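For reference, the structure discussed in these notes is given below.
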Amino acid sequence: MRAFLHAERDNRVVSVRYDQIGLGYTAVRREDPRIAARLRAALADCRTVLNVGAGAGAYEPVELDVTAVEPSEVMIAQRPADSAPVVRASAEALPFADSSFDVAIAINTDHHWADRKAGLRELRRVARRRVILLNADPSQAELFWFT
C-alpha cells in the first residue's frame with residue numbers, strides 16, 4: 001500500500017508540472033523526423049508498444065499496436081482523436097502485467113520522472129523484448145558546447 005501511495009503522490013507532482021508547462025505543447029513541439037526514423041527502425045520486429053510519458057503522442061507509430069501512458073490530463077487533452085489509447089499513470093507504477101508489450105519506449109520524458117530507477121525498472125518489467133530510451137536532461141544543456 002505504501003508503494004501505491006508513493007506512486008500516487010509522485011504522479012500528482014508530475015501531473016502538476018505537466019499541467020503547468022504542457023499548455024500549448026503541440027504548438028511548439030513536434031516529432032523530429034530523424035528520431036522518428038531511428039525509432040521506427042528499432043521497432044521493426046515489434047508489434048506491441050508501450051509509450052511511457054507519451055505526451056501528445058508525437059512518436060507513436062500508427063502501424064503498430066501502441067498503448068500510451070501519460071500522467072497529465074493537460075497533455076492527454078492535446079492528443080489527436082485518432083491517437084493510441086492512453087492510460088493515466090506514471091512511469092514508476094505502470095498498471096500492466098509483466099512482459100505485456102514487445103517493447104517499452106520513453107522518448108524525452110525520464111527527466112520528468114520522480115524516480116528514474118523505479119521508472120526504468122518498470123519499463124524492463126513490462127517489456128518482453130527491449131526498452132528504448134531517448135533522453136535529454138535540460139538541466140545539463142549548458143554543458144553541451146553548442147548551447
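As the structure is a computational prediction, the values presented were derived from the model and not from experiment.
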(message) Going by salt bridge (Lys or Arg N to Asp or Glu O under 4.0 Å), name the residues that satisfy it together with R38, two or more places apart in sequence or in a different chain.
(response) none
(request) List for me each residue that meets salt bridge (Lys or Arg N to Asp or Glu O under 4.0 Å) alongside D45, sequence neighbours excluded, and say none if there are none. (result) R129, R130
(request) Identify, with sequence neighbours excluded, every residue that meets side chain to side chain donor-acceptor pair (under 3.5 Å) alongside E122. (result) R125
(request) Apply side chain to side chain donor-acceptor pair (under 3.5 Å) to D32 and list each qualifying residue two or more places apart in sequence or on a separate chain. (result)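 Expected list: R34.
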Quick one: [atom1] on [X] to [atom2] on [Y], what's the gap to the nearest 0.5 Å?
{"X": "C46", "Y": "I132", "atom1": "SG", "atom2": "CD1", "result": "6.5 Å"}
{"X": "L43", "Y": "I105", "atom1": "CG", "atom2": "CD1", "result": "6.0 Å"}
{"X": "E92", "Y": "R121", "atom1": "CD", "atom2": "CZ", "result": "10.0 Å"}
{"X": "T67", "Y": "L94", "atom1": "OG1", "atom2": "CG", "result": "11.0 Å"}
{"X": "N51", "Y": "L64", "atom1": "CG", "atom2": "CG", "result": "11.5 Å"}

(request) Please test N135 against H111 for side chain to side chain contact (heavy atoms under 4.5 Å, CB included), starting from the C-alpha separation and ending with a verdict. (result) CA-CA 7 Å; N135 64 355; H111 59 280; 5.7 Å; no
(message) Taking E70 first and then R88, would you say they form a salt bridge - that is, a charged N and a carboxylate O separated by under 4.0 Å?
(response)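 Salt bridge between E70 and R88, a charged N being under 4.0 Å from a carboxylate O: no.
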Is [Y] reachable from [X] through a run of I, L, V, M, F, W or Y residues, each pair having side-chain heavy atoms under 4.5 Å apart?
{"X": "V49", "Y": "L134", "result": "yes"}
{"X": "I35", "Y": "V103", "result": "yes"}
{"X": "V126", "Y": "V131", "result": "yes"}
{"X": "L50", "Y": "L133", "result": "yes"}

(request) Say whether T48 and R128, considering side chains only, have a donor N or O and an acceptor N or O under 3.5 Å apart. (result)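 Indeed, the side chains of T48 and R128 share at least one donor-acceptor pair under 3.5 Å.
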(message) Strictly by ring pair (Phe, Tyr, Trp, His ring centres under 6.0 Å), give each pair with a member in residues 37-80 just once, sequence neighbours left out.
(response) none
(message) Enumerate the ring pair (Phe, Tyr, Trp, His ring centres under 6.0 Å) contacts for residues 65-106, please, sequence neighbours excluded, ordered by first and then second residue.
(response) F96-F101
Please find the pair of heavy atoms, one from [X] and one from [Y], that lie closest to each other, and give the distance.
{"X": "V52", "Y": "A91", "result": "CG1-CB, 3.5 Å"}
{"X": "P61", "Y": "V66", "result": "O-CG2, 3.6 Å"}
{"X": "A54", "Y": "R79", "result": "CB-NH1, 3.7 Å"}

Check whether [X] reaches the backbone of [Y] with its side chain - one donor and one acceptor, N or O, closer than 3.5 Å.
{"X": "T109", "Y": "A106", "answer": "no"}
{"X": "D102", "Y": "R47", "answer": "yes"}
{"X": "R124", "Y": "A104", "answer": "no"}

